[in-house]
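Beneath this line is the structure, given in structure tokens, with notes to follow.
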Number of protein chains: 2
Amino acid sequence: MDLKQALDLLKKHGYKYTNKRELMMDIFLRESRYLSAREVLDQMQEDFPGLSFDTVYRNISIFEKLGIVEGTEWDGERRYRFHCNRDTHHHHIICTKCGRTREIRVCPMNAILGEPDNFEITGHKFEIYGICADCEGDHAPRH
Amino acid sequence: MDLKQALDLLKKHGYKYTNKRELMMDIFLRESRYLSAREVLDQMQEDFPGLSFDTVYRNISIFEKLGIVEGTEWDGERRYRFHCNRDTHHHHIICTKCGRTREIRVCPMNAILGEPDNFEITGHKFEIYGICADCEGDHAPRH
DNA sequence: ACCTTAATTGGATTGATTCCGTTTTGTAAA
DNA sequence: TTTACAAAACGGAATCAATCCAATTAAGGT
């Protein structure tokens with residue numbers, strides 16, 4: 001998915017085009033890693049000093065609903081990244097310092113045979129956490 | 001693991017025995033499901049009306065460090081359950097309404113061959129979410 | 001250009017979690 | 001058993017992410 005496809009998705013669902021939304025997508029696309037709402041806000045405020053948290057959270061929530069970004073959580077904070085590879089179900093190895101990821105092609109759900117008794121499955125999560133080579137050692141994470 | 005083993009673990013690591021800690025373990029053991037700090041507090045205040053959040057959080061943190069409870073997070077809240085089956089690495093199907101679980105014996109890490117390049121793995125998470133038979137339908141979750 | 005409605009602002013609010021000075025309690029030693 | 005010390009608990013304040021809300025601004029169709 002690229003920026004144009006994402007903007008089309010917005011339009012198709014009746015959301016308006018705004019320069020803030022474009023910038024936000026730009027950031028997610030450019031960074032290609034998990035970002036907290038705070039990190040997104042900080043980057044956006046370089047261009048829009050008065051930008052509010054509400055805008056960031058509202059748009060992230062829309063983006064997530066449309067499948068433009070995918071979210072997870074660690075260290076008590078939600079984080080989001082541009083939805084890589086929307087066609088293929090996948091999981092991630094995640095660097096918990098910088099949020100960079102690597103795709104995992106295998107899904108453990110394939111090994112779960114049939115529906116378990118007395119449980120209606122609504123979702124699953126498989127994530128591997130680690131420290132990437134760039135963040136290894138004492139030096140600050142390379143964002 | 002039973003109550004006595006857990007209390008021994010506390011003692012072995014130099015933590016004191018208190019009736020609050022025993023009650024807290026009692027609750028985790030009795031419930032055998034994921035509980036939020038708020039739920040633990042509510043139950044404990046039936047016996048100790050003045051009990052503070054600090055006590056709950058501090059003890060949960062100790063319990064988690066010692067492997068007495070295991071924690072996860074959903075719907076923006078951390079939750080903890082008595083560490084079932086401490087000897088065998090395992091995962092869970094979790095009912096997101098009542099926190100009850102079922103054990104999954106397979107671990108997807110077995111399918112990850114060797115260390116990935118440029119990533120030092122520090123942990124992983126595999127959880128299946130769903131609604132258990134007791135919570136299905138419109139009626140309130142059976143806690 | 002106008003109008004309707006959604007988007008944004010900014011400040012207040014919520015709710016979970018943590019912090020901290022004070023008081024209480026468990027435990028080991030006298 | 002008493003004493004002394006450190007850990008545990010109290011309670012209330014502080015923090016921080018996330019949400020809410022009334023007022024303002026801007027997008028997009030007519």
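Between the CG atom of Leu41(A) and the P atom of dC16(D) there is a distance of 15 Å, rounded to whole Å. Residue His13(B) contributes atom NE2, which lies 13 Å from atom P of dA8(D) at whole-angstrom precision. Rounded to whole angstrom, the span from the OH atom of Tyr57(B) across to the P atom of dT15(D) amounts to 17 Å.
Residues Arg105(A) and Glu103(A) are not paired through a salt bridge, judged by the lack of any N-O separation under 4.0 Å between the basic side chain and the carboxylate. Salt bridge absent: Lys20(B) and Glu22(B) never bring a charged side-chain N and a carboxylate O closer than 4.0 Å. In summary, Asp54(B) and Arg58(B) engage in a salt bridge, as defined by a charged side-chain N under 4.0 Å from a carboxylate O.
Annotation: of the two residues near DNA chain C, Ala37(B) and Lys20(B), the 5′-most nearest-nucleotide partner is Ala37(B).
In terms of modelled atom types and a separation under 3.5 Å, the side chain of Gln45(B) and the main chain of Leu51(B) share a donor-acceptor contact. Formation of a donor-acceptor pair under 3.5 Å by the Arg100(B) side chain with backbone atoms of Glu31(B) is not found in this model. Without hydrogens or angle criteria, Arg21(B) side chain to Lys16(B) main chain gives a donor-acceptor distance under 3.5 Å. Judged by distance alone, the side chain of Glu73(A) and the main-chain N or O of Gly76(A) form a donor-acceptor pair under 3.5 Å.
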Can you list the steps and then say if His124(A) with His91(A) is a ring pair (Phe, Tyr, Trp, His ring centres under 6.0 Å)?
CA-CA 10 Å; His124(A) 69 281; His91(A) 297 281; 5.1 Å; yes
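In this structure, the side chains of Phe82(B) and Arg33(B) stay at 4.5 Å or more apart for every pair of heavy atoms. In this structure, Tyr80(A) and Glu70(A) have side chains that are not in contact, with every pair of non-hydrogen atoms separated by 4.5 Å or more.
Phosphate contact (OP1/OP2 of dA9(D), side-chain N/O of Asn19(B), threshold under 4.0 Å): absent. Residue Arg21(B) has a polar side-chain atom (N or O) positioned under 4.0 Å from OP1 or OP2 of dA8(D).
Annotation: the terminal axes of the helix from dA1(C)-dT30(D) to dA30(C)-dT1(D) meet at 30°, where each axis is the rotation carrying the C1' atoms of four end pairs onto the next four (5 pairs per end, rounded to 10°).
Side chains of Arg30(B) and Gln43(B): a donor-acceptor N/O pair is present below 3.5 angstrom, by distance only.
Think of the region where chain B sits on DNA chain C: with heavy atoms and a 4.0 Å cut, that region ends 5' and 3' at dA16(C) to dT27(C).
Partners of Glu64(A) according to the salt bridge (charged side-chain N to carboxylate O under 4.0 Å, His left out) rule, which considers only residues two or more places apart in sequence or in another chain, do not exist here.
Within residues 60-78 of chain A, no residue has a heavy atom under 4.0 Å from DNA chain C.
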What are the atom names and distances for every N/O pair under 3.5 Å that joins the protein to nucleotides 28-30 of chain D?
| residue | atom | partner | partner atom | Å |
| --- | --- | --- | --- | --- |
| dG28(D) | OP1 | Tyr17(A) | N | 2.9 |

N/O contacts under 3.5 Å, protein versus nucleotides 11-14 of chain D?
| residue | atom | partner | partner atom | Å |
| --- | --- | --- | --- | --- |
| dG11(D) | OP2 | Gly50(B) | O | 2.6 |

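The aromatic rings of Phe28(B) and Phe63(B) stand perpendicular to each other, their planes meeting at an angle above 60°, with 30° marking the opposite boundary. Classification of the Tyr34(A)-Trp74(A) ring pair by plane angle, with boundaries at 30° and 60°, yields perpendicular.
Across Lys12(B), Lys11(B), Lys4(B), a single residue satisfies salt bridge (charged side-chain N to carboxylate O under 4.0 Å, His left out) together with Asp8(B), and that is Lys4(B). Applying the side chain to side chain donor-acceptor pair (under 3.5 Å) test between Thr72(A) and each of Glu127(A), Arg81(A), Arg79(A) identifies Glu127(A) as the sole match.
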